[in-house]
Structures are given as structure tokens and as C-alpha cells.
Amino acid sequence: MKNSKRWGRRVLSALAAAAVLAAVPVGAAGNGKSKGKPPASSHRYIEVQLLGINDFHGQLNVTRKVGGREVGRADYLAAYLKQREAENKNTLLVHAGDAVGASPPVSALLQDEPTIEVLNKLGFDVGTLGNHEFDEGVAEMLRLIHGGYHPATGDFAGADFPYVSANVVDAQTGKPILPPYVIKRVNGMPIGLIGVTLTETPTIVTPSGVAGVKFIDEATAINKAVRELKKKGVQTIVVLAHNPGVSNPDGTNASGEIVDIAKNVDDEVDVIFAGHNHAYLNAVVDGKLLVQSYSYGTAFSDVDLKIDPRTKDVVAKKAEIVTTYHDGITPDPEIRALVEKYEAKVAPLVNQVVGTAVETITDEQNESGESALGNLIADAQRAAMKTDFAFMNPGGIRADIEQGEVTWGELYNVQPFNNQLVKMTLTGAQIRQLLNQQWQPTQTRMLQISGLRYTWSASRPVGEKVIDIQLPDGTPLKPDAEYTVTVNSFLADGGDGFTVLTHGTNREVGPVDLDALVTYIRQLSQPFSAQIEGRITKLQ
């Protein structure tokens, strides 16, 4: 349940500012070196094209805007990919994880099978695992890949293309649960494609999601796979890594986990597709070309390689991040028909009107860390479980509530994880510890709250940032007193680093978080609204 939505909003704004995204050739960005000698003449080299996406999240029918122009949707993405593929018959289609999970109803209500079918129709050649592939556990993940039966959807054939994973291993045997790599031959040239998933996955999905598997160091797993590929004579090697990275549009200032990985893997690696933080990345680091194309099908990565048929090695490489603007291209009719078929299946539930919003209610946090939508969701959860307080993780809020009629489907997009609510008892001291756990080593996660108010200061040390905590009537929270608290099951199990919640007592499991939100909105006076109320106050 990683908070990728906020990343998405931030980087889409950056994309709007960079109207033209130029191709970045080897040597034009980053501090890397080009592997192999530059070609004296290019006519004898084999040109291979890699078209890649990351973090699609089943966004089959969701349109977004970049710079006021519509982007996204599977049918438009398909039109772009087919157009580029027609320009070079030597093309591989790849994805770097999170193809499914946190999906809209058109995919999620059908166990994300529609998304896999779309990727099948497009002829994807290989994919890897993101953290969201584990949302419903390893068995369901493998069912989507290999095929099998699900009581809600029946038999499913699975993916027509292989998934690769070098660093997700069986907890007992230590062996990868999927092939570490696959070798694809393109115009006679062997290309090795290795997959890895960020090692932090167990901390950002529910424990049941990763039961039975372990995640080993990405660079270690990649290097082992590279050694095997080199023994097989493979010199062109591509890594599909669900690890974050970002760069400026011109390729400068590349940063993130993927940069560290690039510096620690064998120089035989030519290209690394990144993911997870929904950002722009097009840079060369340590001789490796690194790319990431935002998320949700709003863009894709077009990587062009020149391979020497004599050495079977890459002699030149460049990349372009292409935005899937709707204007100027016709949506693919085959994929559109497929999406419409699935929309019709889920329409009776999705189109139910739950209420009417006075204005758009967003999860955009103010400087203190409070959002109007966060307040609404936390209030709904506290009401559902009849507790003193409620705490909601920001990563579980995936969309805004738009002004006007609000449907069940829209609320599903807001809370797509189907986490159950959990009531527990915490002391006042534990609640203070919980709030202080918001400031973490790599990022700050501001919980959305209901039933209390507090102040905090950025100047205070980590673990002591929270100052005053008060009940609604203004009385202070008592350290030794016991209070009832509502959180979702992800947080209850210590997700997102909120480990103090694992010590909560008197646990009771309640309804699914989405059902609580739907019920709450239905009983509000209509039309309804929500505001930032000063529940969280940052002091200077």
C-alpha cells in the first residue's frame, strides 16, 4: 500500500512544465561511460527497440491531465505502443512491476484479470514483480501469471508472457519463485532480461501478502543472473527493476535506489527500467541507461539500442520518455472494445450514486500535514468502529472525490485496497509514540486523524516532534489513560513503519474500509463537504 499517488501528482506537474521530453543519448546525461566502441558506421548494426511501462496499476479506463491535455487509458497507450512497434520490427514490450494492484474497479473487481488480458493482447514480452503484485498474496499473484481458478471470476488462462524475478525467493528453499531472467532473441541477437523487486516490499504490504517469500539484495541477485547470462554468451542485458529513481528532463541529477543499484551491478548491464516512485528518469549512470516513465499509462519509455552482430554487444543506446496525449492519435479499437466489455460487467455496482460533493475533496496536505479527504476518511472509520480516535495512512488514499455526484466506483478509486478496520486499545503514551513514528529515516508519512488535535515542530529531534495532544474539548491526552483507536488492517500489522500499533490490545475486526466510507457518506447531510480543520498544527 505504498503512497504513490502523491508522487504521481508531483511528477505529473513536473511533466507539464517540461513540454518537450527529448531523447537522451549515451553520454548526454549523467556521469556514465558508453560500453563498447562507438560505431564507425551504423549500417551494419542491428537496431532493437524496447518499449516499457511501469506502475500501470490496472488504469484501463482512467484519464488524467498533464498540462491541461488528457493522457492515459489503455486504449490510447495501446495506440502509441503499436505505432512505435510498427516503426521497428525488432521490438520488445516490457514492464517493470505494479502492472496490477490499487487498480480501478474495472480491473480490481475482476481480480485484475482484465489488465493481464490487455497486456496479452498488446503482445508484452516480459514483466517483473512490483510490490503491488503481492497485495493479495503469493498464490494469487502466481495465479494471475500462470493461470488458475478464482471463486469470483472462474478459470483464467494467465499471462501469455513470462515474469522474471531474481531476488524474490522461497523462504524455505532460498530459490527464486520465478525464473530470474529470460533470454529473448531479436533478429538473432540474444537479449537477457532480469527482474528484481525492491527489498522494502515486506514493509509496505500486509504480512500475509509476502508470507512464504524473502527479498534478497537487488544488486546481488542481478550480478548472479548476469554471471549466468554471460556464461551463455549473452552480452546485451536489460534489468527490469521495481526500484525508485528520478532525474531532471535533461538527464542530470539522477538519484534514488536505482542509481545505487546501477553503480553496484556488473558493467555488462546496458539498460535498467525503474519504477515504484512514479517519476521521470532518463539518465546514464556508470554506463547504464536508466529510465522510468511516470505511471498509470500516462507515458512510456522508448529505448533504442544498436547491437553489433559480431560481438552481440550494445554499442549505442538512447531513450525517450513519451507522454500518451490523447489529442493527435486515435485510440486502439481492439483495446477499447475490451475495456468497454469489462466496464459493462462492473457497471451495476460501480455506477451506484452514494452522495453529492459540494466541491472537490482532495488529499492534498497543507504544511501541517492535514488534508480534507484524510479528515473525511478518518471520521468515517472512527464512526464505523465507535472509537475515541482513528488514524489513516496517506498511502491508502489513492484518488480525490470530485465535485458533484459521487458513485461507488469513485469511492473505490479512493480506497481500493479492501482493508478491514481494526479496533484496538492504546495508552496515551503509545498514541504519542505513534504520532512520532510519522517522521521516518527516508520519508515523512503524516497520518490523517479523527478525534484529537496535536501540534508539532520541525525543529525538534526525531521521536520528539509532537508537542501537545488534545481531545476535542481541549483537555490534554493522558499518558497513562487507555483510549480506543481505529486503524486499517495494514496499519494494525505495523505497515509503513507504524510498529507501535502491533502492541494494541483488545483487538476487534470491523468492516472493510471502503464500506465504512460509503456508509458514512450516505448518512451525511447532502450535498456533503469536508475541510481542513486545524486538527494538525505545525509550529514555527
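Bear in mind that the values here come from a model prediction, so they are computed numbers and not experimental data. For the numbers below, each heavy atom of this structure counts, side chains included, while hydrogens, waters and symmetry mates do not.
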Residues [X] and [Y]: side-chain donor-acceptor under 3.5 angstrom:
X	Y	answer
Asn88	Gln49	no
Asp270	Thr236	no
Asn488	Asn393	yes
Glu136	Gln111	yes
Ser107	Thr115	yes
Gln235	Thr311	no

Is there a side-chain contact between His132 and Val100, using heavy atoms and a 4.5 Å cut-off?
no
State plainly whether the residues [X] and [Y] are in salt-bridge range, i.e. N to O under 4.0 Å.
X	Y	answer
Asp327	Arg69	yes
Lys82	Glu334	yes
Arg84	Glu320	yes
Lys121	Asp160	no
Asp286	Lys263	no

At what distance, to the nearest 0.5 angstrom, does CZ of Phe134 lie from OG1 of Thr206?
11.5 Å
Check whether Tyr149 forms a cation-pi arrangement with Arg143 (NZ or CZ under 6.0 Å from the six-membered ring centre, at most 45° off the ring normal).
no
Can you confirm whether Lys184 is buried at NZ, in the sense that more than 12 heavy atoms of other residues, nucleotides or ligands lie under 6.0 Å from that atom?
yes
Flag the pair Tyr296 / His278 as yes when their ring centroid distance falls below 6.0 Å, and as no otherwise.
yes
